[in-house]
Amino acid sequence: MLFTWKQTLAAELAGRIRDRYGIEHRPVAEVPPRRALGDLAFPAPLHLARELRRPPRQIAEELAGSWELPAGVRALRVEGAGYLNFSFARSAFAAGLLAAPPIAPTAPAGAPKIVVEHTNINPNKAAHVGHLRNAVLGDLLGRSLRALGHPVEIQNYIDDTGVQLADVVVGFLDLEPTSLAEIRALPEPFDYHCWDLYARVGRWYEEDPARLERRRETLHALEAGTGERAQAARLIARRIVGRHLGTMARLGIGYDLLTRESDILGLHFFDHAFQQLRERGAVRLEADGKNAGCWVMPLADVAEFAGLEDPDKVIVRSDGTITYVGKDIAYQLWKFGLLGKEFAYRYWMEQGVWETAAEGAENPPAFGHAGRVINVIDARQSYLQRIVRAGLEALGHPEAAANSVHFAYEMVSLSAATARQLGQAVGEEEGRSVEMSGRKGIGVKADDLLDRLVEKAREQVAQRHRDLPRPELQRLAEQIAAAALRFFMAKATTSRVIVFDLDEALAFEGETGPYLQYSLVRGRNIQRKLAAAGLPAELDPAAAAALPEELWSDDLWELVHLAAGATEAVEKAASTLELSLVARHALELAQRFHALYHHHPVLHEEDPALRAVRQTAFQTAMRALGGLCELLGIEEPERM
RNA sequence: GCGCCCGUAGCUCAGCUGGAUAGAGCGACGGCCUCCGGAGCCGUAGGUCAGAGGUUCGAAUCCUCUCGGGCGCACCA
C-alpha cells in the first residue's frame, strides 16, 4: 500500500521536476518522524537546492503549487527545511489495505526461479545453535521471496563424501570397532552419540598423527562408494540427516530437495566439470612446490584475490580425492542448468522430501535450472564462495557468476557464562565469548535448546491455564518455544556475531517471539468477544471506507500506517538480504498495538463509529503482523 | 602482512541509499489488573554515537587515518 503510493507519487514528482527545471531526478520517499507532519515525505527539494542554487523551501513551494492531488491523498504541505509531505485519506487508505493481501507480491510475472541453498549441516553429528542461525535465515529468505511472488526452490546440501563424515566412520570402524548392524541398532539420539564420537576421533588423531592415514583411506572409500566404509558412511549419513530434518521440522523448516554430494561424484558431475576446467586451462597439475601432485586453480591473475599469500586453491588433492570447492563448482553449475547432466530423484517418504539419487522415480519435479542462486553460508566461508564464482567465470559463465549470491551472515559464538554452563573452562584472558567447535564437541545442541524452551513454555502456559489437556499444553508449548528460538535468530543483524547466551535465548518477555504471539492472541480475543456480543468479528473494506475521517486519532492512524509498510519491509529485507528487517517490523507493530490496546477499548466503546475505527486499526495491524509472523515461522497459538 | 565484519545508555542491540528532537529490550527505581488476558502498559534515571581529521547547508550514517575486538587467507568445510 505505502509501496505503491511511493512509486506513484515519486513518478509524478519526477515529471514535475523535469517539466519545471529540466532536471532528471529520482525522488526518494521517506516516512516523516511524526504522523502530524504527514504520511510520506519527499526531501527532493533539499537535494535539488545545490544544483539550482536556491533555497530548498522555495523549490518545495514551487513544486507543490498547482499540484492536483489524486484521489486518496488528503493534503500536500511543505514542512521543515523543504520537505514535500503528503497525507492520505485515512478511511479510504485503511479500506484499501484490508482489501489487499497483508504481504502483497511485487515480483514481475514470469520471474525466474530462485534456488535457495541452506542448512547444509555435515551429516556426522547433531545440529547446534550455529546451524540454527543458518536454517532460520534460509527459511525466512525462502518464505519472504515466495510471498513476494518469486518461484523458489529450497535445497539442502548433504556433504556425505567429505572429511567430517569420514572421521565419524573412522570412529565407528577403527577407534571403537562397531559392526554395521550395531550402528544400525544404536538407540536415538544417534546424532548425539556421533557428536561425542567425533570429538573423540579428533583427540585420537592428535595422540598419533599417523592415524590420519585411516582418514585418507576412508575418504577414498567414500568417493568410490564401495566397500564397508562407504556402506557405513551411507548408513550414518542417512540416520543423521533424518535427525537433522526432525530437528528442523520442530521449527517448521522444510526443504524441496536434498542434494547429496555422493551423487555429484557418482553421476560424474564432478568429472564433467573438471574436464571443462582442464580444457579451459582453469586448473593445472602442480609438478613441485607445496602443492606438488595437486590440481590447483590459479587465482593470482584474478584481481579480487590479489594479496593472498598463496593464490592457488587445491581442487584435487595429491592423493586423488576432491576438495569441497571442486564439488561445489559442479553443483553450482548444475543449479543453473549449465552442467549438461541431471540427477535422478527419489522421494524420502518418512521425511516428505525429495533427494537426489543415482536411479530414481519416474516423473520427479523439475529441479534446478535457476535464474538466480542464493547460498546461505556463514561469512567465514566467503573466500570459498568467491572461488566457486571464479570457477564459473573461468568456465565462461559470467552471467551465472553474477547471479550466484553468497548470503553471508556472521557466526554464532557462546557467551562465557553459557560456555561455563557447558563445562567449558573459560579463562579471563579468553575474552567474552567462546567459538563453537564440532571437532572439540563444544556447542549448544539445537534439540537440547528446544527441549528447554518447550519445558519453560509448558510451565508458563500451565501457570495461566489450569486443567488444560496434556496434548494441547504440549502443542502450545512447542509453538511458543519455536517462536522464541526463531525470533531470537531472525532479529539479529546478519553482519553481527551472535554471542549466544542461554538465559537470553530463554526469555519470553520484551523483544521476543512470544511477545509477538501474545499480540496475535490479544487481537484474536477482541474478535472473539465482539462475536460473542453479537457484533461482526471482522469489518470489510466497504465498512472501513465509510468511517468518518475525523474519528481517526493520530495514534490509531499510525498503526495503520505501520501495517501498510509490511510489504515494503519484506521487499527490502529480501533485496538487501538484511532479513532482520522482517523481525524488526513485526516487533514494531506488536509494540505499537500493545500500547494502543490499553488506551483504545473496542468492545466497551459505546459509540459504534469510534468502535469501528478502532476495530479497523487493530484489524489491519493483526493482518500485517500475522503475515510477517508467517514468514518468520511464528504460529498463532490458540491461547498462551 | 593482506582482506572482511563490529565499536551507539550499566548489559544486548535498532537507527533504512546523509535530513526533522539519537530510539528499543533487559537490568534499576516508581506506578497500573471491580475495565477486550499483567508473557502487557505508563513513568523516572541513564549517551563525548571508540578517537582524530575531512566532505556537506546538514554526519551516528559518506571518505581517510588511529585505537580496540572478532573472523578469514588448509591437500577442513
Side-chain angles (χ1 to χ4, degrees), chain A residues 28 30-34 37 41 43 46-47 49-50 55-56 79-83 120 122 159 162-164 167 216 290-296 304-311 313-319 321-325 328 377-384 408 410-411 413 415 431-433 435 438-439 457 460-461 463-464 480 491-499 501 503-504 507-512 514-515 517-519 521-523 525-530 533 568-569 572 576 578 580-581 584 587-588 591 594-605 618 639-640:
Chain A
V28 292
E30 298 172 359
V31 174
R34 295 184 310 283
L37 289 169
L46 279 73
H47 299 149
R50 189 169 340 157
E79 296 277 5
Y83 291 92
N120 299 6
N122 265 299
D159 183 0
V163 170
Q164 293 205 24
D167 283 346
R216 278 187 285 274
K290 66 183 267 251
N291 291 331
C294 296
W295 283 91
V296 303
E304 66 173 318
F305 294 100
L308 290 182
E309 275 177 21
D310 177 6
K313 180 66 197 175
V314 172
I315 302 296
V316 179
R317 302 182 184 103
S318 57
D319 66 3
T321 57
I322 304 150
T323 62
Y324 164 80
V325 185
D328 210 28
I377 302 176
D378 86 75
R380 286 174 296 187
Q381 296 191 42
S382 296
Y383 167 64
L384 291 182
E410 277 291 347
M411 60 161 186
S413 65
S415 73
R432 297 158 6 132
S433 69
E435 193 169 348
R439 286 202 65 98
Q460 298 278 317
V461 176
Q463 260 175 36
R464 294 167 172 82
I480 293 166
K491 75 174 175 182
T493 312
T494 54
S495 58
R496 279 185 105 104
V497 173
I498 292 182
V499 179
D501 184 81
D503 291 333
E504 198 189 334
F508 288 171
E509 290 166 10
E511 299 178 337
T512 65
Y515 177 88
Q517 291 179 311
Y518 192 53
S519 311
V521 169
R522 276 186 150 173
N525 278 343
I526 295 174
Q527 294 189 333
R528 288 199 185 109
K529 298 267 175 171
L530 284 167
E568 189 173 6
K572 191 169 181 181
T576 63
E578 186 44 85
S580 63
L581 291 173
R584 291 276 156 202
L587 186 62
E588 216 177 318
Q591 283 173 335
H594 276 304
L596 297 179
Y597 173 89
H598 291 277
H599 298 298
H600 295 278
V602 178
L603 189 62
H604 302 289
E605 175 54 53
F618 290 164
R639 69 192 86 217
M640 61 188 293

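No experiment lies behind these values; they were computed from the predicted model shown. Within every chain, numbering begins at 1; the chains are lettered A, B, ... in the order of the sequence lines, protein sequences first and strands thereafter.
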Revision key, fill the gap. When both distances are under 3.5 Å in a Watson-Crick or G-U wobble arrangement, the nucleotide paired with U44(B) is A28(B)

Review point. Using a cut-off of less than 4.0 Å, is there contact between a side-chain N or O of Arg522(A) and OP1 or OP2 of G38(B)?
Key: yes

Practice item. Report the distance from atom CG of Asp501(A) to atom OG of Ser433(A), rounding to the nearest 0.5 Å. Key: 11.0 Å

Exercise for review: Find the distance Asp378(A):CG to G70(B):P and express it as a whole number of Å.
Suggested key: 17 Å

Review point. Does the side chain of Arg216(A) get closer than 4.0 angstrom to OP1 or OP2 of C75(B) through an N or O atom?
Key: no

Exercise for review: Select base, sugar-phosphate, or nothing to describe what Val521(A) touches, counting heavy atoms under 4.0 Å on all strands.
Suggested key: base

Check your understanding: Reckon Gln591(A) touches a base, only the sugar-phosphate, or nothing at all at heavy-atom distances under 4.0 Å?
Key -> sugar-phosphate

Exercise for review: Name the nucleic acid region contacted by Ile480(A), choosing base, sugar-phosphate or nothing; use a 4.0 angstrom heavy-atom cut-off, strictly under.
Suggested key: base

Exercise for review: Please determine, for C65(B), whether a Watson-Crick or G-U wobble partner exists with both distances under 3.5 Å, and give it or none.
Suggested key: G51(B)

Practice item. Looking only at side-chain atoms of Cys294(A), point me to the closest of C6(B), C75(B), A77(B). Key: C75(B)

Review point. Checking all strands, does Val163(A) fall into the base, sugar-phosphate, or nothing category for heavy-atom contacts under 4.0 angstrom?
Key: sugar-phosphate

Exercise for review: Indicate syn or anti for C33(B), taking the glycosidic torsion and treating anything within 90° of 0 as syn.
Suggested key: syn

Exercise for review: Report yes or no: does Lys491(A) contribute a side-chain atom to a donor-acceptor pair with the main-chain N or O of Ser580(A) at less than 3.5 Å?
Suggested key: no

Check your understanding: When all nucleic acid strands are considered with a 4.0 Å heavy-atom cut-off, which category describes Ala492(A): base, sugar-phosphate, or nothing?
Key -> nothing

Check your understanding: When you compare C42(B) with G3(B), how far apart are their P atoms, in angstrom units rounded to a whole number?
Key -> 48 Å

Check your understanding: Is a donor on one side and an acceptor on the other found under 3.5 Å between the side chain of Thr323(A) and the backbone of Ile315(A)?
Key -> yes

Check your understanding: Of the nucleotides G37(B), C36(B), A74(B), which has the atom closest to the Arg639(A) side chain?
Key -> G37(B)

Practice item. Using only side-chain N and O atoms of Asn122(A), determine if any of them is under 4.0 Å from OP1 or OP2 of A77(B). Key: no

Check your understanding: Is there a Watson-Crick or G-U wobble partner for C4(B) with both distances under 3.5 Å, and if so, which one is it?
Key -> G70(B)

Point to revise | For atom NZ of Lys529(A) and atom P of C35(B), their distance in whole Å | key: 10 Å

Check your understanding: Quick one: on RNA chain B, does Ala595(A) or Asp159(A) contact a more 5' nucleotide (nearest heavy atom)?
Key -> Ala595(A)

Check your understanding: P atom, A20(B) versus G10(B): distance in rounded Å?
Key -> 24 Å

**Study point:** Nucleotide of A20(B), A39(B), C41(B) approaching Glu509(A) most closely (side-chain heavy atoms)
**Key:** A39(B)

**Study point:** Spacing of Ile377(A) atom CD1 relative to G72(B) atom C1', expressed in whole Å
**Key:** 15 Å

Point to revise | Under 3.5 Å on both distances, the Watson-Crick or G-U partner of U56(B) | key: none

**Study point:** Euclidean distance for C1', U8(B) against U12(B) (whole angstrom)
**Key:** 12 Å

Review point. What interatomic distance, in whole Å, is found between P of G18(B) and the corresponding atom of A59(B)?
Key: 13 Å

Exercise for review: Report yes if a donor N or O on one partner sits less than 3.5 Å from an acceptor N or O on the other, where the partners are the side chain of Ser382(A) and the base of C4(B); otherwise report no.
Suggested key: no

**Study point:** Check: A39(B) base within 3.5 Å donor-acceptor of Arg464(A) side chain
**Key:** yes

Check your understanding: With distance as the sole test, does Asp159(A) use its side chain to make a donor-acceptor pair with the main-chain N or O of Gly162(A) at under 3.5 Å?
Key -> yes

Practice item. For Pro43(A), answer base if it contacts any base atom (sugar-phosphate contacts may also be present), sugar-phosphate if it contacts only those atoms, and nothing otherwise; contact means non-hydrogen atoms under 4.0 Å. Key: nothing

Revision key, fill the gap. RNA chain B nearest-nucleotide lookup for Leu37(A) and Thr321(A): closer to the 5′ end is Leu37(A)

Review point. Of the candidate nucleotides U17(B), C73(B), C76(B), which contains the atom at the shortest distance from the side chain of Val28(A)?
Key: U17(B)

Check your understanding: Does a nitrogen or oxygen in the side chain of Tyr518(A) sit under 4.0 Å from OP1 or OP2 of A39(B)?
Key -> yes

**Study point:** Nearest-angstrom distance, C1' atom, G68(B) to U17(B)
**Key:** 29 Å

Review point. Contact class for Tyr515(A) (heavy atom, under 4.0 Å): base, sugar-phosphate, or nothing?
Key: sugar-phosphate

Practice item. Mind checking Glu504(A) for me? I need base, sugar-phosphate or nothing, with any heavy atom below 4.0 Å counting as a touch. Key: sugar-phosphate

Exercise for review: Just call it for Glu435(A): base, sugar-phosphate, or nothing, with non-hydrogen atoms closer than 4.0 Å on any strand.
Suggested key: sugar-phosphate

**Study point:** Base-pairing assignment for A39(B) (Watson-Crick or G-U wobble, both under 3.5 Å)
**Key:** none

**Study point:** Nucleotide paired to C13(B) in any strand shown, Watson-Crick or G-U, under 3.5 Å
**Key:** G23(B)

Practice item. Tell me, with the steps shown, if Arg528(A) and Asn525(A) meet side-chain hydrogen bond (donor to acceptor under 3.5 Å, both in side chains). Key: CA-CA 5 Å; Arg528(A) 288 199 185 109; Asn525(A) 278 343; 2.8 Å; yes

Check your understanding: Would Glu578(A) and Thr576(A) satisfy side-chain hydrogen bond (donor to acceptor under 3.5 Å, both in side chains), going step by step from the backbone distance to the final call?
Key -> CA-CA 5 Å; Glu578(A) 186 44 85; Thr576(A) 63; over 6 Å; no

Review point. So does Asn525(A) get a side-chain nitrogen or oxygen closer than 4.0 Å to the phosphate oxygens (OP1/OP2) of G37(B)?
Key: yes

Review point. When the distance from CD1 of Ile526(A) to P of G40(B) is rounded to whole Å, what number comes out?
Key: 16 Å

Point to revise | Pairwise C1' distance, C36(B) and A28(B) [rounded to whole Å] | key: 32 Å

Exercise for review: Determine, using ring centers only, whether Phe618(A) and His600(A) are less than 6.0 Å apart.
Suggested key: no

Check your understanding: Roughly, in whole Å, what's the span from CZ in Phe618(A) to C1' in G40(B)?
Key -> 13 Å

Practice item. Using a 4.5 Å cut-off on heavy atoms from C-beta on, say whether the side chain of His594(A) contacts that of Ser519(A). Key: yes

Review point. Heavy atoms under 4.0 Å, any strand shown: does Lys290(A) hit a base, just sugar-phosphate, or nothing?
Key: base

Point to revise | Rounded distance in Å between the C1' positions of A9(B) and G47(B) | key: 5 Å

Check your understanding: Can you tell me how far CD of Glu504(A) sits from OG1 of Thr512(A), rounded to the nearest 0.5 angstrom?
Key -> 11.5 Å

Check your understanding: Quick one: Gln381(A) CD to C5(B) P, roughly how many Å, whole number?
Key -> 18 Å

Study note, to complete from the structure: Paired to C33(B) by Watson-Crick or G-U wobble criteria (both distances under 3.5 Å) is none

Study note, to complete from the structure: To the nearest angstrom, the CG-C1' distance between Leu596(A) and C35(B) comes to 17 Å

Review point. Hey, does Arg34(A) reach any base, or is it just sugar-phosphate, or nothing, if we go heavy atoms under 4.0 Å?
Key: base

**Study point:** Integer angstrom distance from the C1' of C13(B) to that of G27(B)
**Key:** 14 Å

Review point. With sugar-phosphate meaning primed atoms plus P, OP1 and OP2, does Ala457(A) contact a base, only sugar-phosphate, or nothing at under 4.0 Å between heavy atoms?
Key: nothing

Review point. In terms of side-chain heavy atoms of Pro33(A), which of A39(B), A20(B), U17(B) is nearest?
Key: A20(B)

**Study point:** Polar side-chain atom of Arg496(A) near backbone of Ala492(A) as donor-acceptor pair, under 3.5 Å
**Key:** no

Exercise for review: Could you tell me the separation between the CG atom of Asp328(A) and the C1' atom of A77(B), rounded to a whole number of Å?
Suggested key: 10 Å

